[in-house]
Number of protein chains: 2
Amino acid sequence: MKLITRDTDYALRALCFIAKNKDKVTPAPELVAKLKIPRPFLRKILQSLDKNGLLKSYKGKGGGFVMTLKPNKISILDVMRIFQGAFNLNECLLNKHLCPDIRVCILKKKIDRIEKYVVSELGSFKLAYLIE
Amino acid sequence: MKLITRDTDYALRALCFIAKNKDKVTPAPELVAKLKIPRPFLRKILQSLDKNGLLKSYKGKGGGFVMTLKPNKISILDVMRIFQGAFNLNECLLNKHLCPDIRVCILKKKIDRIEKYVVSELGSFKLAYLIE
DNA sequence: ACAAATGATACAAATGTGGTATCATTAAGC
DNA sequence: GCTTAATGATACCACATTTGTATCATTTGT
Ligand code: FES
Ligand code: FES
């Protein structure tokens with residue numbers, strides 16, 4: 001089980017790099033060179049970050065990406081949610097046929113508590129901590 | 001993200017049922033009927049539980065499965081480990097190329113703490129709690 | 001006009017999950 | 001011993017997800 005997937009990891013690294021560049025526009029090719037992320041894959045990731053409002057993009061020559069928020073306003077969880085969907089360790093609710101069983105519900109409460117802990121820990125871990 | 005996969009869930013349900021039968025031998029067909037788990041899939045799961053020492057199997061007519069341990073000696077984590085492998089939220093160690101980066105290491109520490117918490121919570125949650 | 005960048009989108013390989021099918025082996029009970 | 005009801009072992013398969021790749025259109029600074 002992975003907690004953080006590859007695209008989230010790439011996204012974090014890209015965000016860190018772009019954040020260090022401050023107001024300077026960072027073009028994707030620079031990220032590819034420095035971070036060794038496969039180019040088309042990175043492009044897709046950057047587009048996602050743009051659509052989700054974490055980056056602002058500039059098209060055309062001299063274009064690229066800049067941060068829209070301060071790094072201390074972005075949490076690991078914010079990035080995870082973009083690439084891995086809403087945090088939901090308890091998928092049991094979906095499979096209706098599993099639910100008549102009480103035992104799963106006791107377990108469900110346990111898992112809910114675990115989930116709350118994880119969400120709170122990752123939600124308070126800001127991108128800024130990864131830069132300094 | 002799921003914390004518990006389908007086979008682990010099926011395994012937990014099967015174990016609960018078998019545990020309730022105490023020393024009585026429970027044949028797979030009975031489990032199929034009562035728990036509505038696809039037959040060949042359940043068979044595979046029961047074989048895993050047998051190989052990992054949580055169940056003892058009796059072959060031949062009148063055969064089936066019985067528990068080898070008291071339900072308060074088996075944790076959710078024990079079952080998860082059989083079907084989902086060792087708990088390892090931090091897969092980063094494997095991908096060597098990610099590691100020169102300090103930021104991941106700080107994050108890694110955070111994830112390690114999260115993992116310890118999850119392992120401790122699930123390791124102390126015993127099968128017995130699901131039965132009563 | 002040209003070059004350098006992003007936008008959009010479709011495709012593809014590798015892996016993981018959930019499930020199926022088959023045949024051999026064992027043991028109880030007549 | 002024969003039948004029957006059970007497990008053991010193993011190989012296969014369909015689908016979804018992950019991790020990418022490829023292509024072409026569009027925008028913009030010089
Ligand atoms: S919520 Fe699924 S069993 Fe209770
Ligand atoms: S352990 Fe992978 S970056 Fe530190």
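In what follows, every chain begins at residue 1, and chains take the letters A, B, ... in the order their sequences are listed.
Atom C1' of nucleotide dG18(C) and atom CD1 of Ile4(B) are separated by 17 Å, given to the nearest angstrom. For Gln47(A) and dT6(C), the CD to P distance is 9 Å, given to the nearest whole Å. A straight line from CG of Leu46(A) to P of dT21(D) spans 15 Å, rounded to a whole angstrom. Taking atom CZ on Phe41(B) and atom C1' on dT7(D), their separation rounds to 18 Å, with Å as the unit. As rounded to whole Å, 10 Å separates atom P of dT17(C) from atom NZ of Lys2(A). Taking atom NZ on Lys36(A) and atom P on dG20(D), their separation rounds to 16 Å, with Å as the unit. Atom pair Phe83(B):CZ and dT17(C):C1' shows a separation of 14 Å (rounding to whole Å applied). Taking atom CG of Leu42(B) as the reference point, atom P of dG8(D) lies 12 Å away to the nearest angstrom.
Looking at Arg6(A), its side chain has no donor and acceptor atom pair within 3.5 Å of the base of dG20(D).
Residue-level contact check: Pro38(B) touches the backbone only, with heavy atoms under 4.0 Å from sugar-phosphate atoms and none from bases. Within 4.0 Å (heavy atoms only), Arg39(B) reaches no atom of the nucleic acid at all. Pro27(A) comes within 4.0 angstrom of sugar-phosphate atoms only, judged by non-hydrogen atoms across all strands, and of no base.
Comparing atom distances between the Pro29(B) side chain and each of dT19(D), dA6(D), dA5(C) picks out dA6(D) as nearest. Set against dG7(C), dA21(C), dA22(D), the side chain of Pro40(A) has dA22(D) as its closest nucleotide. Listed candidates were dG19(C), dG7(C), dG8(D). Nearest to the side chain of Lys44(B) is dG19(C).
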Would you list the atom pairs, donor with acceptor, under 3.5 Å between side chains in residues 118-125 of chain A and any protein atom, with sequence neighbours excluded?
| unit_1 | atom_1 | unit_2 | atom_2 | d |
| --- | --- | --- | --- | --- |
| Glu121(A) | OE1 | Lys110(B) | NZ | 2.9 |
| Ser124(A) | OG | Ser120(A) | O | 3.0 |
| Ser124(A) | OG | Glu121(A) | O | 3.2 |

Quick one: side chains of residues 48-76 of chain B, donor-acceptor pairs under 3.5 Å with protein atoms, not counting sequence neighbours, listed by atom name and distance.
| unit_1 | atom_1 | unit_2 | atom_2 | d |
| --- | --- | --- | --- | --- |
| Asn52(B) | ND2 | Ser48(B) | O | 2.8 |
| Thr68(B) | OG1 | Gly53(B) | O | 2.6 |
| Thr68(B) | OG1 | Leu54(B) | O | 3.1 |
| Ser75(B) | OG | Leu77(B) | N | 3.4 |
| Ser75(B) | OG | Asp78(B) | N | 3.1 |
| Ser75(B) | OG | Asp78(B) | OD1 | 3.4 |
| Ser75(B) | OG | Asp78(B) | OD2 | 3.1 |

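Using modelled atom types, one finds a donor on one side chain and an acceptor on the other under 3.5 Å when comparing Tyr10(B) with Arg6(B).
Both distances falling under 3.5 Å, in either a Watson-Crick or a G-U wobble arrangement, place dA24(C) opposite dT7(D).
Lys2(B) is not listed as a side-chain neighbour of Leu89(A), based on a closest heavy-atom distance of 4.5 Å or more. In this structure the side chain of Lys34(A) reaches within 4.5 angstrom of the side chain of Glu30(A), judged on heavy atoms. A heavy-atom distance below 4.5 Å is not found between the side chains of Asn88(A) and Met1(B).
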Test log, rule salt bridge (Lys or Arg N to Asp or Glu O under 4.0 Å), inputs Lys116(A) and Asp112(A): CA-CA 6 Å; Lys116(A) 280 202 182 65; Asp112(A) 275 343; 5.6 Å; no

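Residues of residues 52-62 of chain B that place a heavy atom closer than 4.0 Å to DNA chain C, in numerical order, are Lys59(B), Gly60(B), Lys61(B).
Contact check, Tyr10(B) against dG18(C): no side-chain N or O comes under 4.0 Å of OP1 or OP2.
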